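Every chain is numbered from 1 and lettered A, B, ... according to where its sequence line falls, protein lines coming before strand lines. This structure is a prediction, so every number in the text was calculated from the model and none was measured.
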There are 2 protein chains.
Amino acid sequence: MDRSPARIALDDFDRKILAILQKDNLTPQRTIGDAVNLSAPAVQRRIKKMTEAGVIQANVAVVDPAALGHPITIFVEVEIISETADQIEDAKREFAATPEIQQCYYVTGEVDFLLVIVVANMAAYEALTKRLFFGNNNVKRFRTFVAMERIKAGLEVPVR
Amino acid sequence: MDRSPARIALDDFDRKILAILQKDNLTPQRTIGDAVNLSAPAVQRRIKKMTEAGVIQANVAVVDPAALGHPITIFVEVEIISETADQIEDAKREFAATPEIQQCYYVTGEVDFLLVIVVANMAAYEALTKRLFFGNNNVKRFRTFVAMERIKAGLEVPVR
DNA sequence: AGTGAAAAAAAGTGAGA
DNA sequence: TCTCACTTTTTTTCACT
């Protein structure tokens, strides 16, 4: 699923452009050009190059989960029993295919997976646990943390 | 920081539009209109309304952390000693102001905060822990998980 | 509210420095 | 590889249903 080994050299212009686009990718290229001292076409070419190289992976609208009726964010630590490559791959595939799972990381340490889940209510979460964890006999243990408040949320990568 | 009390009624058109914008917000309104059976101006007015109402919180480019020299994602569970309102607020403020902290949630359960951190290398993370955790005598304990693989990452909220 | 056509703005293309 | 001038596409506005 990580399809971007693309390592491309970025200069200061590129980094400045990325900093802007990570905050608002609807900024006109002309405005970006003014900010970084480049013409609009130059900005455009750089954006295109970075997109093709996989540096820019997507352009998305960030939506308030509550507005869509999914006000609850939940973190789950998952420990699995058998860590054979096949079992791990199966788990990855299932987690990736579940829409309620917003983020999924395979981690080192006492647990194996960390999930960020967005659901409409606790009943929906319980149904999900039944399917994903209790219904999977390779899951040894899982621990749930319910978010009471989202202090900061984004995917922004610090520049410089 | 949660500034969207705005609860607006969304119909099926709105939800379909949001589903598209969450995947690619550069999709032409004309294309969106074709997909949902609406004219481009109608799509535009709905997008504008949702943006003003805070349903759409931002429009951002998703950047590959590795391309910016921050290839390591780390999860941290933080337990604090004193849970007085002031102490909690101080912690929130500091976490929110740290650029390397991409996501921060205040949660129920055995820990108090969950952080998602993006750094260039382990040395940078150690420096950060010194400042944020060891340098803060209200932090009782913290536990680190290093992401070995990003199976799924996004902020997309399931529609329907 | 929605549509369709016209105006305005932006993105995309190519020649030349 | 940038900039400048030009073309094409998209967004935005407006009169009307």
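- Listed nucleotides: dT13(D), dA10(C), dT3(C). Nearest to the side chain of P28(A): dA10(C).
- Remark: C1' of dG2(C) and CG of N37(B) are 13 Å apart, rounded to the nearest angstrom.
- Counting non-hydrogen atoms of other residues, nucleotides and ligands closer than 6.0 Å to CG of D86(A) gives a total of 12 or fewer.
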Does the pair E79(A) and R143(A) meet the rule for a salt bridge (charged side-chain N to carboxylate O under 4.0 Å, His left out), with working shown?
CA-CA 9 Å; E79(A) 240 176 292; R143(A) 205 153 71 123; over 6 Å; no
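- Note: CD1 (I47(A)) to P (dG12(C)) measures 8 Å, nearest angstrom.
- For an aromatic pair to be called close, the ring centres must be under 6.0 Å apart, and F113(A) with F95(A) satisfies this.
- Regarding L21(B), its CG atom lies at a distance of 15 Å from the C1' atom of dT10(D), rounded to whole Å.
- Using a 4.5 Å heavy-atom cutoff, the side chains of T144(A) and Y125(A) are in contact.
- Between I17(A) atom CD1 and dC2(D) atom C1' there is a gap of 13 Å when expressed in whole angstrom units.
- Residue Q44(A) places its side chain closer to dG12(C) than to any other of dG2(C), dG12(C), dT12(D).
- Side-chain heavy atoms closer than 4.5 Å link hydrophobic residues (I, L, V, M, F, W, Y) into clusters, and following such links, even through other members, never connects V116(B) to V146(A).
- At whole-Å resolution of the value, CZ in R46(B) and P in dT11(D) are 17 Å apart.
- Nearest nucleotide to the P41(B) side chain, out of dG2(C), dG4(C), dC4(D): dG4(C).
- In terms of position on DNA chain C, the residue among A40(A) and R45(A) whose nearest nucleotide sits closer to the 5' end is A40(A).
- In this structure, N25(A) atom CG and dT10(D) atom P are separated by 16 Å, rounded to whole Å.
- With hydrophobic clusters built from ILVMFWY side chains whose heavy atoms lie under 4.5 angstrom apart, L115(A) shares a cluster with M148(B).
- Ring-centre distance between F145(A) and Y106(B): not below the 6.0 Å cut-off.
- Out of dG2(C), dT3(D), dT11(D), the shortest distance to the side chain of A42(B) is found at dG2(C).
- At the heavy-atom level, Q29(A) lies under 4.0 Å from the strands shown only through sugar-phosphate atoms.
- K48(A) has its NZ atom 11 Å from the C1' atom of dA11(C), to the nearest Å.
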Strand DNA chain C as a dot-bracket string - pairs counted if Watson-Crick or G-U with both distances under 3.5 Å, | where the partner lies in another strand:
||||||.||||||||||
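- The separation between R30(A) atom CZ and dT11(D) atom P is 19 Å, rounded to whole Å.
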